[in-house]
Chemist: 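So that we are looking at the same thing, I have put the structure below in C-alpha cells.
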Amino acid sequence: MKRAGFSVKWLPILLLLPQLLIIAIFFYWPAAHAVQSSFYLQDPFGFGSTFVGWENYADLFGSAEYRKVAWFTVIFTLLVTFLSLAIALLLAVKADNVLHGAKTYRTLLMWVYAVAPPVAGFIGLIMFDQTFGPLTRLFGQFGWDFVLGVNFNDTAFAMVLVSVWKQVPVNFIFFLSGLQSIPRSVREAALIDNRSGMSRFWDITFPLLAPTGFFLLITNITYALFDTFGVVDTLVKGEPGNNPMTLVYKVYVDGFRGNDLGGSSAQSVILMVLVLALTVFQFRLVERRIHYT
C-alpha cells in the first residue's frame, strides 16, 4: 500500500491544524472546564465558587432520583437502539428485491432523517394530543387512556416511539445498501446449499452485514444517548416534573433551570466517562468479532 509523502515535514501538521483547533475549542476546552467545575459549588449568579472536592459526585451517587434517571436512560437506550435496528433490518430485507426506483425510495426515506429532533418531538405532540391526536384516539378505542406529559409510562412510550420513528429511515438505507452490495454469486451459492430463507439469512447474509451493523450500533447508541435531547424536551413540554428524562436532559435541567452548575458539571463528566468506556468496549471487544471484506 502506498503512503502519502510530503516534501515538507510541517505540511501535514498545517493541514490538520484547523480540525485540531476546532476539536480543542469545542471539545477539550469545555471538557476541561466541566471537570474543573465539577469540584466546585458555584454561585448561580456568578459571584464566586467554593471548592467541595468529590462532594458533587457523592451527592449524585447517593441520589435516588439520579439512579432512577440513569436506569431509565439504560432502558431507553436499549429499546431505541434495538427497535431502530430491528425494524430497519426487517424492512430492508423485505425491500431488497425491489430494485426499480431504489434511489427514489432512498431519497424519500432520507427526508425523515433530515427532520430535526425538536420537530420530530412536535409531530409526536400532535399525534398524542389529548383532543385530536390520532394515536391517542386509536389507543382509546382499546381502552388505553393515553395521557402524554402526565403519566410516566405513557410519556416514556411516546419518547421511545418518536425516537425510533426518527432513526429507522437512515438505518434502513444503510442496511439496504449493505444487502445490495452482497455479490450475486454468494447469494446463488447459498441458495443451492440451503433452501431455507431464514437459515440463509443468519448463516450468510447477517454475517456479511456485520460491518454495517457495527457502524449502525455505535451511531444508534450515540443517537439514543445524546441526539434524542430535542425529542425529550419537546414531549415533556418543558415541564419534566415526574416525567421520564434521560441523563443528558437532566444535565440541562439541573444546570440551566436548577442553577446547580457544579452538580450539572459532575453529571456531564460521568456521562463523558461512560461514553468513553462504552466506545472502548465496542471497538476492543465487539469489533474483534467483525470481519471486513
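Keep in mind that the numbers below use all heavy atoms, side chains included, and drop hydrogens, waters and symmetry copies. Since the structure is predicted, the reported quantities are computational estimates derived from the model, not experimental observations.
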Chemist: Please work out whether the ring planes of Tyr66 and Phe61 are parallel, tilted or perpendicular, with thresholds of 30° and 60°.
Modeler: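 Plane angle over 60°, so perpendicular.
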Chemist: Phe226 pairs by side chain to side chain contact (heavy atoms under 4.5 Å, CB included) with which of Thr246, Leu247, Leu271, Ile221?
Modeler: Leu271
Chemist: Mind checking what makes ring-ring contact (aromatic ring centres under 6.0 Å, His included) contact with Tyr57, not counting sequence neighbours?
Modeler: Phe39, Trp54
Chemist: Between Asp233 (side chain only) and Phe229 (backbone N and O only), is there a donor and an acceptor less than 3.5 Å apart?
Modeler: no
Chemist: Is any side-chain heavy atom of Asn56 closer than 4.5 Å to a side-chain heavy atom of Tyr40?
Modeler: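 They are not in side-chain contact.
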Chemist: The criterion is ring-ring contact (aromatic ring centres under 6.0 Å, His included); which residues satisfy it with Trp29, sequence neighbours excluded?
Modeler: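 Counting only residues at least two positions away or on another chain, Trp29 forms no ring-ring contact (aromatic ring centres under 6.0 Å, His included).
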Chemist: Which residues pass the ring-ring contact (aromatic ring centres under 6.0 Å, His included) test with Phe146, not counting sequence neighbours?
Modeler: Phe128, Phe139, Trp144
Chemist: Is Leu274 reachable from Val69 through a run of I, L, V, M, F, W or Y residues, each pair having side-chain heavy atoms under 4.5 Å apart?
Modeler: yes
Chemist: Using the side-chain hydrogen bond (donor to acceptor under 3.5 Å, both in side chains) criterion, which residues pair with Gln167? Sequence neighbours excluded.
Modeler: none
Chemist: Side-chain contact test, heavy atoms from C-beta onward, threshold under 4.5 Å: evaluate it for Leu148 versus Leu235 and give yes or no.
Modeler: yes
Chemist: Between the side chain of Ser163 and the main-chain N/O of Val160, is any donor-acceptor distance below 3.5 Å?
Modeler: no
Chemist: Could I get the full list of side-chain contact (heavy atoms from CB on, under 4.5 Å) partners for Pro118, not counting sequence neighbours?
Modeler: Ala116, Thr234
Chemist: Rounded at 0.5 Å granularity, tell me how far CG in Asn171 sits from CZ in Phe215.
Modeler: 9.5 Å
Chemist: Under the salt bridge (Lys or Arg N to Asp or Glu O under 4.0 Å) rule, collect the residues that match up with Asp154, sequence neighbours excluded.
Modeler: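 Partners of Asp154 under the salt bridge (Lys or Arg N to Asp or Glu O under 4.0 Å) test: none.
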Chemist: Under 3.5 Å, which donor-acceptor pairs do the side chains of residues 75-93 form with other protein atoms, sequence neighbours left out?
Modeler:
from	atom 1	to	atom 2	distance (Å)
Thr77	OG1	Thr73	O	2.7
Thr81	OG1	Thr77	O	2.7
Ser84	OG	Val80	O	2.6

Chemist: Judged by atom type as modelled, is there a donor-acceptor pair below 3.5 Å linking the side chain of Ser63 to the main-chain atoms of Asp59?
Modeler: no
Chemist: Under the side-chain contact (heavy atoms from CB on, under 4.5 Å) rule, collect the residues that match up with Leu16, sequence neighbours excluded.
Modeler: Leu20
Chemist: Partners of Tyr223 by ring-ring contact (aromatic ring centres under 6.0 Å, His included), sequence neighbours excluded?
Modeler: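 For Tyr223 there are no ring-ring contact (aromatic ring centres under 6.0 Å, His included) partners, ignoring immediate neighbours.
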Chemist: Can you name the residues that form a salt bridge (Lys or Arg N to Asp or Glu O under 4.0 Å) with Lys250, not counting sequence neighbours?
Modeler: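 Result, salt bridge (Lys or Arg N to Asp or Glu O under 4.0 Å) vs Lys250: Glu65, Asp254.
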Chemist: Going by the rule side-chain contact (heavy atoms from CB on, under 4.5 Å), which residues pair with Ile126 if we only count those two or more places apart in sequence or in a different chain?
Modeler: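 In terms of side-chain contact (heavy atoms from CB on, under 4.5 Å), with neighbours along the sequence ignored, Ile126 is linked to Phe122, Phe132.
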Chemist: Hey, does Leu60 have a side-chain heavy atom less than 4.5 Å from the side chain of Gln267?
Modeler: yes
Chemist: Decide whether Ile22 and Ile25 are clustered together by the hydrophobic rule: side chain heavy atoms of Ile, Leu, Val, Met, Phe, Trp, Tyr closer than 4.5 Å, transitively.
Modeler: yes
Chemist: With sequence neighbours left out, what residues match Ala156 under side-chain contact (heavy atoms from CB on, under 4.5 Å)?
Modeler: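 For Ala156 the side-chain contact (heavy atoms from CB on, under 4.5 Å) partners, ignoring immediate neighbours, are Phe72, Pro244.
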Chemist: State, yes or no, whether a side-chain contact exists between Thr219 and Val170 at a heavy-atom distance under 4.5 Å.
Modeler: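 No - every pair of side-chain heavy atoms lies 4.5 Å or more apart.
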Chemist: Let me check something: do Val248 and Trp71 share a hydrophobic cluster, defined by ILVMFWY side-chain heavy atoms less than 4.5 Å apart, either directly or through other members?
Modeler: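 In one cluster with Val248: Trp71, yes.
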Chemist: Between Tyr249 and Tyr252, does a ring pair (Phe, Tyr, Trp, His ring centres under 6.0 Å) hold up when you go through it step by step?
Modeler: CA-CA 5 Å; Tyr249 192 66; Tyr252 163 74; 5.7 Å; yes
